[in-house]
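What follows is a single structure, written as structure tokens, with notes after it.
Remember, it's 1-based here, ligands and their atoms both numbered in the order they're listed. Everything numeric here is computed off the predicted structure, so don't read it as measured data.
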Amino acid sequence: MSIVYIVSAPSGSGKSTLVNELFKMVSDLDFSISYTTRPARGSEKNGKEYFFVSNAEFESMIAADEFLEHACVFGNYYGTARRFLRETEERHHDLLLDIDVQGAAQVKKRLPEAVSIFILPPDRDKLEWRLRNRGLDPEEVIRRRLDTARREIENYSKYDYILVNNLLEQSADELKAIVLAERIERGRKTPAVAGTRIEETRIEDTRIKETGSEARRVEERRLLSIAEACRLERARDRVQPILASFGAAPVRN
Ligand code: ADP
Ligand code: 5GP
């Protein structure tokens, strides 16, 4: 069974940056390319970042029940095609969905085993700075994104893991740890990690073999403990000041 990872974040938190870093480090993971009715931006290519379709095409896909989930975000349709999950399962890979909070709730309902990760900026000022510094959006869009961020952040407690994207390198390591810890916990053969190949190797020399498996155990323990610290229950205290910086309601449950 493939593991489905859901990643959501308020726009500008650094989700695309972190997901790109993740794909450099973890193998056997596919990115689900969504369908959308919004026009392509900048250098985006059809079939790479998204499949860009018309309203009529999107609505006929809804009618044919082709979506695992779909939602209206910033006035446009976005949806995850069921075929992506089927194809990932055939390849024995895992699948990462970059979707909004509405889509995440739909997927969790249909696939309760899916692993959901919410990425937060360190605070409102840093989010505003990142949105401006990215230089993609006009002022009114930045205002709207900041306003939407407050409402999205209030949904953090519906996610399994919380990742506060402060220092990029550390956050990328945390995202990798969450993905690999779930594989380890689900009894997978430990996958290959670029830079630290910790999968089983065919080394005949017993001494090296033991050193290799000890190194693997140490790395697995490190990944599990980083992931554990990102679990919702461990992260609640870290989230309260972030919520406060957005003027969002404190969430208790
Ligand atoms: P999102 O996909 O969540 O909308 P991006 O990945 O486009 O966000 O990141 C928004 C901006 O913030 C980009 O300019 C990116 O380079 C920058 N950024 C991402 N992560 C960090 C970080 N940890 N520290 C500082 N800047 C960051
Ligand atoms: P953008 O237009 O900036 O690429 O994405 C806007 C928002 O739509 C982001 O929050 C992104 O995660 C979300 N999104 C992208 N694809 C999908 C999808 O297939 N389903 C849902 N529900 N949201 C999506």
Side-chain angles (χ1 to χ4, degrees), residues 4-24 30-53 57-58 61-62 66-85 95-111 114 116-138 141-142 144-153 155-156 158-159 163-175 242:
V4 174
Y5 298 96
I6 304 166
V7 183
S8 305
S11 179
S13 305
K15 181 179 55 176
S16 314
T17 309
L18 288 172
V19 166
N20 282 337
E21 290 303 309
L22 177 72
F23 276 95
K24 290 184 204 156
D30 298 341
F31 180 75
S32 167
I33 303 171
S34 296
Y35 284 75
T36 184
T37 57
R38 84 148 162 79
R41 279 195 303 243
S43 61
E44 287 179 337
K45 296 246 172 341
N46 188 38
K48 187 164 177 272
E49 289 83 2
Y50 286 103
F51 293 105
F52 297 99
V53 294
E57 284 171 295
F58 199 99
M61 288 181 74
I62 298 175
E66 289 186 36
F67 289 117
L68 177 63
E69 63 74 34
H70 67 276
C72 191
V73 187
F74 298 124
N76 290 298
Y77 279 131
Y78 291 81
T80 306
R82 290 183 193 278
R83 73 175 171 86
F84 263 93
L85 184 52
L95 184 66
L96 186 135
L97 313 181
D98 167 346
I99 59 177
D100 83 321
V101 292
Q102 308 166 73
Q106 292 175 46
V107 174
K108 265 297 213 186
K109 214 161 152 196
R110 288 188 180 154
L111 305 172
S116 57
I117 305 159
F118 196 77
I119 299 172
L120 283 165
D123 57 43
R124 189 187 181 285
D125 286 351
K126 288 220 174 60
L127 180 65
E128 186 166 350
W129 188 86
R130 284 180 193 174
L131 283 168
R132 288 190 196 292
N133 191 50
R134 185 167 68 173
L136 277 183
D137 303 313
V141 176
I142 291 181
R144 193 173 51 163
R145 290 196 192 283
L146 285 168
D147 206 42
T148 309
R150 183 177 47 75
R151 278 178 275 122
E152 286 172 328
I153 283 172
N155 288 284
Y156 84 91
K158 297 177 185 149
Y159 286 73
L163 207 161
V164 180
N165 180 19
N166 194 0
L167 302 173
L168 186 57
E169 207 178 318
Q170 185 184 335
S171 304
D173 196 42
E174 286 171 351
L175 185 56
I242 302 173

For the side chain of K15 and the backbone of P10, is there at least one donor-acceptor N/O pair under 3.5 Å apart?
-> no
Residues R132, E128: salt bridge by 4.0 Å N-O rule = yes
Nearest protein heavy-atom contact for atom 7 (C) of ligand 2: which residue, which atom, what distance?
-> V73 CG1, 3.7 Å
Among protein heavy atoms, which lies nearest atom 20 (N) of ligand 1, and at what distance?
-> N165 ND2, 3.1 Å
Can you tell me which residue and heavy atom of the protein come closest to atom 2 (O) of ligand 1, and the distance to 0.1 Å?
-> S16 OG, 2.5 Å
Look at atom 20 (N) of ligand 2 and say which protein heavy atom is nearest, naming residue and atom and giving the distance to 0.1 Å.
-> E69 OE2, 2.7 Å
Heavy-atom donor-acceptor pair, Q106 side chain to H70 backbone, under 3.5 Å | yes
Heavy-atom gap R41 to ligand 2 smaller than 4.0 Å = yes
Test item: T36 side-chain N/O and Y77 main-chain N/O as donor-acceptor pair under 3.5 Å | yes
Q102 near ligand 2, heavy-atom distance under 4.0 Å?
-> no
Protein heavy atom at shortest distance from atom 10 (C) of ligand 1 = G12 O, 3.6 Å
Applying a strict 4.0 Å limit to heavy atoms, is G79 in contact with ligand 2?
-> yes
For atom 6 (O) of ligand 1, the protein heavy atom that lies nearest, with its residue and separation = T17 OG1, 2.5 Å
Do R38 and ligand 2 have an N or O pair less than 3.5 Å apart?
-> yes
E69 versus R110, closest heavy-atom pair with distance = N-NH1, 4.1 Å
Does Y50 have a non-hydrogen atom less than 4.0 Å from ligand 2?
-> yes
With a 4.0 Å cut-off on heavy atoms, is K15 touching ligand 2?
-> yes
Could you tell me the residue and atom name of the protein heavy atom closest to atom 18 (N) of ligand 1, and the distance to it rounded to 0.1 Å?
-> R130 CD, 4.1 Å
Measure across P121 and V164 and return the closest heavy-atom pair with its distance rounded to 0.1 Å.
-> O-CG1, 4.2 Å
